[in-house]
*Asks:* 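To start, I am sharing the structure in question, which I have written as structure tokens.
Here the structure is a predicted model, which means the values were calculated and not measured. Here is the naming used below: chain letters follow the sequence lines, and residue numbers restart at 1 for every chain.
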Amino acid sequence: MTKEDTQQVVLDIIADVAPDEDLSNVKPDVRLRDQLELDSMDFLDIVMELRKRHNIEVPEAEYTELASLDSCSTYLMPKFEALGK
Amino acid sequence: MARGLQLTNTMAADVASSSYNKNIHGEACIAMRAGMASDFYSTMSFEPARIVITGIGLTSPNGNSLAEFRQNLLNGVSGVQPFDVRYMGKSLAGVCDFDPLKYQKRKEVRVGTRAASISIYCAREAVADSGVDWESVEKDRVGIYVGTTEHGNVETENEIYAISKFDYDTKYWSHYHNPRTVANNPAGEVSLSLGITGPAYAIGAACAAGNLGLIHATQMLRLGEVDLAICGGVSESIHTFGIFAGFKSQGALASHKDPTKASRPFDKDRNGIVVSEGGALYTLERLADAQARGAKIYGEIGGYRVNSDASDYVLPNPTRQAECVRQALKTAGMVPSDIHIVNTHATATPQGDIQECEALRNVFGEGCPDTHINNTKSFIGHTMGAAGALELAGNLPSFDDMQVHPTINVDNLDPQCAISGMVLNKPVKAEKIDTILNNSFGMLGINSTLIVKRFTA
């Protein structure tokens with residue numbers, strides 16, 4: 001899975017978690033919470049959806065790895081790769 | 001600000017002679033003993049503040065505003081339709097089609113509950129209808145009292161269904177489960193939506209809860225706890241299979257090839273309850289406050305009573321129901337013949353309807369030529385926690401249009417349900433409509449009667 005594919009996975013989840021947000025111009029290097037209206041419960045939703053949709057576990061100590069789209073892809077790409085995706 | 005408790009001269013003298021005590025905040029409060037409530041107004045020199053209805057917001061299976069709801073009640077339009085129930089398949093239900101996005105963001109709808117969406121819609125419609133200048137309202141002086149039959153079953157069933165797809169592994173259980181299932185969820189989400197910082201909580205009273213919402217608000221206004229109350233009842237019940245399955249197991253779930261004919265209280269062929277969702281929330285104020293701002297007034301709380309059967313988990317008790325009605329009349333200073341509309345609770349169960357009719361015959365049997373008896377569930381099914389509040393709303397316009405909406409679907413009146421004054425299948429024009437008596441009863445034997453009277457200054 002490419003960096004872009006991985007970021008799209010996260011954006012698809014955010015589209016469901018925060019359906020009022022405009023995701024057309026999300027800057028990959030800026031913290032998601034600095035450009036979108038996302039709270040801590042929303043991040044738990046993102047973690048839950050990664051678990052449900054992609055069988056990926058994000059331990060609580062590593063939640064900060066989901067701060068931006070860039071950090072998400074850096075963190076998640078190896079996990080997708082380990083799953084053969 | 002008008003005080004909730006208005007002391008008469010006699011009462012003031014009693015205060016001086018220490019018939020009244022001081023609470024820990026130093027405010028005068030009344031030493032009310034248990035058991036004296038029914039005679040309270042008649043034996044004490046106490047004049048409770050007059051409480052009036054100034055705004056109505058509702059969603060019903062046959063209307064999303066008071067005007068639409070009323071029109072459909074007068075035109076015989078049912079709101080019952082086919083409805084798929086998880087695990088059970090095809091059934092019938094009263095389903096609301098209000099637009100939750102009128103007052104909520106999509107994320108709020110996703111995170112919150114159906115009961116809360118209904119509550120927010122009704123609360124905001126009521127506030128808008130009241131004409132109150134919301135910006136200037138002291139939000140900590142507003143109370144939210146939402147009656148519910150139950151709350152949490154919908155979310156719990158949904159989560160169990162969701163984790164069933166993951167071999168019941170609870171790590172897939174939603175982190176929203178607890179805020180969604182606490183009993184105060186509907187009221188709490190209204191407080192979030194409207195920025196209300198006063199008391200916001202649920203009134204749990206089975207299917208009497210809608211009436212209880214108004215009654216409790218009346219009490220809080222009279223105690224001076226709040227200056228404006230948003231109150232009534234809501235139900236999201238159709239989204240839990242459990243309530244359908246429970247009634248089915250009880251032999252009390254309605255069925256009919258024509259959904260609009262399924263809810264048929266008092267008819268010989270009635271065969272049970274149509275489960276429905278809905279809500280009705282009111283703004284209630286002390287009369288002095290309403291008059292000070294020139295509010296339109298739908299009606300005045302005339303009297304009320306809540307009692308308990310103490311006899312069975314589910315079977316009603318006509319003796320206690322009749323007592324409830326009589327005691328409500330007493331608090332209103334009325335006799336049965338003063339009541340012009342009795343809106344029944346009857347849910348179309350074979351036994352329950354007969355027992356309520358026995359209670360009503362006991363109270364209104366003879367000598368009440370101006371009393372009309374109707375039933376709103378025949379149109380919309382049983383909206384559970386919303387029933388009392390929604391059914392009252394369906395009748396309040398009678399003060400203006402002088403019509404009594406009927407009980408529909410009574411093709412063959414059950415002789416055991418026959419009572420003088422029943423309005424069947426077609427609305428009637430009445431000479432005099434100054435009072436509405438609204439009955440709502442619930443499981444575990446809770447009975448409520450609320451009397452609303454035409455407002456006269």
*Asks:* Check this for me: does any side-chain nitrogen of one of E57(A) and K171(B) sit under 4.0 Å from a carboxylate oxygen of the other?
*Replies:* yes
*Asks:* Is the shortest heavy-atom distance from the side chain of K105(B) to the side chain of E37(A) under 4.5 Å?
*Replies:* yes
*Asks:* What do you reckon, is CD of Q8(A) surrounded by more than 12 foreign heavy atoms closer than 6.0 Å?
*Replies:* yes
*Asks:* Would you mind checking if D42(A) and K107(B) are paired as a salt bridge, meaning a charged N to carboxylate O distance below 4.0 Å?
*Replies:* yes
*Asks:* Salt-bridged, R51(A) to D169(B), with N to O below 4.0 Å?
*Replies:* no
*Asks:* Relative to chain B, which segment of M41(A) carries a heavy atom at a distance below 4.5 Å: side chain, backbone, both, or neither?
*Replies:* both
*Asks:* Would you mind checking which part of D16(A) comes under 4.5 Å of any heavy atom in chain B, side chain (CB onward), backbone (N, CA, C, O), both or neither?
*Replies:* backbone
*Asks:* Side chains of V17(A) and R110(B), heavy atoms from C-beta outward: is any pair under 4.5 Å?
*Replies:* yes
*Asks:* How far apart are the closest heavy atoms of W173(B) and M48(A), and which atoms are they?
*Replies:* O-CE, 3.2 Å
*Asks:* So for F166(B), is it side chain, backbone, both, or neither that comes closer than 4.5 Å to the heavy atoms of chain A?
*Replies:* side chain
*Asks:* Would you indicate whether Y87(B), at its atom OH, is surrounded by more than 12 heavy atoms from other residues, nucleotides or ligands within a distance under 6.0 Å?
*Replies:* yes
*Asks:* When you look at OH of Y161(B), are more than 12 heavy atoms from neighbouring residues, nucleotides or ligands closer to it than 6.0 Å?
*Replies:* no
*Asks:* Around atom NZ of K85(A), are there more than 12 heavy atoms of other residues, nucleotides or ligands at under 6.0 Å?
*Replies:* yes
*Asks:* So, do D45(A) and Y176(B) sit near enough that their side-chain heavy atoms are less than 4.5 Å apart?
*Replies:* yes
